[in-house]
Amino acid sequence: MKQIAIIGSTGSIGTQTLDIIRQHPDRFKATVLTAGSNIELLIAQAKEFRPNLAVIADPRHFTRLYSELTPLGIETAAGADAIADAMERHDFEMVVTATVGYSGLLPTLRAIKAGKIIALANKETLVVAGELINRSLASSASVIIPVDSEHSAIYQCLAGEDPRAVTRLIITASGGPFRNMSVAELDKVTPADALRHPNWQMGAKITIDSATMLNKAFEIIEARWLFHVPGEKIEAVVHPQSIVHSMIELRDGAVKAQLGLPDMHLPISYALGEGSRMACDQRLTLSQFHNLEFYEPDPLKFPCITLGHYALEQGGITACVINAANEIANKAFRDSAIGFKQIYEVITDTLTKIEQIATPTLDDYIAVNDLARRLAAEKVARLSSKVFISDQPISLQQS
Ligand code: NDP
Ligand code: MG
């Protein structure tokens, strides 16, 4: 019986992880569940899965969590620190990092210190501080198993191969909902349009990142740190059908791919099983897919995709700044405070305002994340003629 903590159990990856745990009660037990603010779902999950601990990041919900779960013998806690502290408990060996954005970094570092197996969905952790994460892993018994579908595909393709024979990682991208639009048409797209992803059902933040294709830039950075492959050997290819989840090229010219339906249950269950495969009914019928297309991404339409290689070339805190500025810009776009194309503008404007730190410490990452968010919020305010208090916009006039 493998005991599992899920940080972000109420989200898209978190609920799909619980689906798999529900299907395999003989193999898995969820012992720690955490959420941001969705108190009702966290309580319902705790009542069903009976973890030892449930934590809510937003402390305003603590009283309710405590009063609902204490009679059931479930410990409760609140706040970001409580989520990070929970990573040192002895009642689980694996943690699924299914939280979104920068909030994954500190708990993941604590889990590495505690020697946990990390099923990593939260790519932003590697985007922000991949080098630091790898240094921490080097002095720990902890390992990372990718959950992101592209990285899971590469991980599956690498099985049995000599890593020195790998000449290229080829990451597929759906191209998002605006793949076929012109640059001019992108001026008019709304948050509702961007949230309508053609192939994947995901949380709101990553769905917007897919529409800008910053998600693919993040996945290039994620692959660099996960697989120890330099940026110049990692490329993205648009594949609108999302059937080929990614590929590796080997020195004899062979290309290995992993195929499957666009459904996260498979990569999650592969990570939970640490590579041992669990039975699943889902089958891919290739004859239903008459055209599997592949083509190069268009950086003029989707400039965010260039930020992955740029961040790797610059190193230091560059990717941390991009991530922080994007978290603000992505939310501002969802709140209709800025336009779709202005997400890139906010990120690049923030990049120009922060000095490089070549070898950042954890404290540097924390400070840079704070600063970049503040500068990005100021840029958003200038663009939108709205005043931002934290990330809640208050409209002064319509832009
Ligand atoms: P969701 O927004 O659906 O879920 C995020 C989860 O994290 C929720 O449980 C949320 O709680 C919790 N959370 C949000 N903010 C905080 C915070 N500040 N502190 C603590 N908990 C927080 O996201 P997804 O499941 O879509 O994505 C999760 C991660 O997985 C992301 O990094 C994403 O890039 C990655 N990923 C997702 C894929 C997908 O198919 N969804 C595919 C590949 C990668 P609450 O519900 O209370 O807000
Ligand atoms: Mg992905």
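In what follows, every heavy atom counts, from backbone to side chain, and hydrogens, waters and symmetry copies are set aside. Remember, it's 1-based here, ligands and their atoms both numbered in the order they're listed.
No donor-acceptor contact under 3.5 angstrom links the side chains of Ser12 and Gln201, judged on distance only. Checked by atom type, the side-chain pair His197/Ser174 shows a donor-acceptor distance below 3.5 Å. For Gln23 and Asp19, the side-chain atoms include no donor-acceptor pair closer than 3.5 Å. Side chains of Glu293 and Gln241: a donor on one and an acceptor on the other come within 3.5 Å.
By the 4.0 Å N-to-carboxylate-O rule, Glu232 lies too far from Arg224 to be salt-bridged with it. Look at Arg64 and Glu40 and you find a salt bridge, because one of the NZ, NE, NH1 or NH2 atoms lies within 4.0 Å of a carboxylate O, short of that distance. Glu249 and Lys233 are not joined by a salt bridge, as no carboxylate oxygen comes within less than 4.0 angstrom of a charged side-chain nitrogen. Taking a cutoff of 4.0 Å between a charged side-chain nitrogen and a carboxylate oxygen, Lys113 and Glu88 do not qualify as a salt bridge.
For ligand 1, the atoms sitting less than 4.0 Å from at least one non-hydrogen atom of Asp148 are 43 (C), 44 (C), numbered in the order shown with element in parentheses. Under a 4.0 Å criterion applied to the non-hydrogen atoms of Ser9, ligand 1 contributes the atoms 9 (O). Taking every heavy atom of Asn38 and a limit of under 4.0 angstrom, the matching atoms of ligand 1 come to 45 (P), 46 (O), 47 (O). Numbered from 1 in the order shown, with element, the atoms of ligand 1 that lie under 4.0 Å from a heavy atom of Met264 read 40 (O), 42 (C). Of all atoms in ligand 1, listed by their number and element, those nearer than 4.0 Å to a heavy atom of Thr10 are 8 (C), 9 (O), 10 (C), 11 (O), 45 (P), 46 (O), 47 (O). Close approach of ligand 1 to Ala57 (heavy-atom distance below 4.0 Å) involves ligand atoms 19 (N), 20 (C). In the vicinity of Glu124, heavy-atom distances shorter than 4.0 Å reach the ligand 1 atoms 31 (C), 32 (O), 34 (O). Below 4.0 Å from some heavy atom of Ala98 lie the following atoms of ligand 1, by number and element: 5 (C), 6 (C), 7 (O), 28 (C).
Here the heavy atom of the protein found nearest to atom 18 (N) of ligand 1 is Ser103 CB, 3.6 Å. Closest to atom 2 (O) of ligand 1 among all protein heavy atoms lies Gly203 CA, 4.0 Å. With hydrogens left out, the protein atom closest to atom 7 (O) of ligand 1 is Thr99 CA, 3.3 Å, a heavy atom. Of the protein's non-hydrogen atoms, Lys123 CE, 3.3 Å is the one closest to atom 34 (O) of ligand 1. For atom 41 (N) of ligand 1, the closest non-hydrogen atom of the protein is Ser12 OG, 3.0 Å. Distance from atom 14 (C) of ligand 1 to its nearest protein heavy atom, with residue and atom name: Val100 CG1, 3.6 Å. Ile206 CD1, 3.6 Å is the protein heavy atom nearest to atom 36 (N) of ligand 1. What sits closest to atom 27 (O) of ligand 1 on the protein, heavy atoms only, is Ile13 CG1, 4.3 Å.
Side chains of Pro191 and Ser336 form a contact here, defined as non-hydrogen atoms less than 4.5 Å apart. By the 4.5 Å heavy-atom criterion applied to side chains, Ile170 and Ile248 are not counted as neighbours. For the pair Lys216 and Glu150, the minimum side-chain heavy-atom distance is below 4.5 Å. Under the 4.5 Å side-chain criterion, counting only non-hydrogen atoms from C-beta, Leu53 is not in contact with Thr76.
One finds an angle of 100° at the Mg ion (ligand 2) between OE2 on Glu219 and OD1 on Asp148, to the nearest 10 degrees.
Under the 6.0 Å cut-off for aromatic ring centres, Tyr344 and Phe302 do not qualify, their centroids lying 6.0 Å or more apart.
Checking only distances, Thr34 never comes within under 3.5 Å of ligand 1, N or O to N or O. On a distance-only criterion, Gly11 and ligand 1 share at least one N/O pair closer than 3.5 Å.
Using a 4.0 angstrom heavy-atom cutoff, Ala80 does not count as in contact with ligand 1.
The minimum distance between the Mg ion (ligand 2) and any N, O or S atom of Glu150 involves atom OE1.
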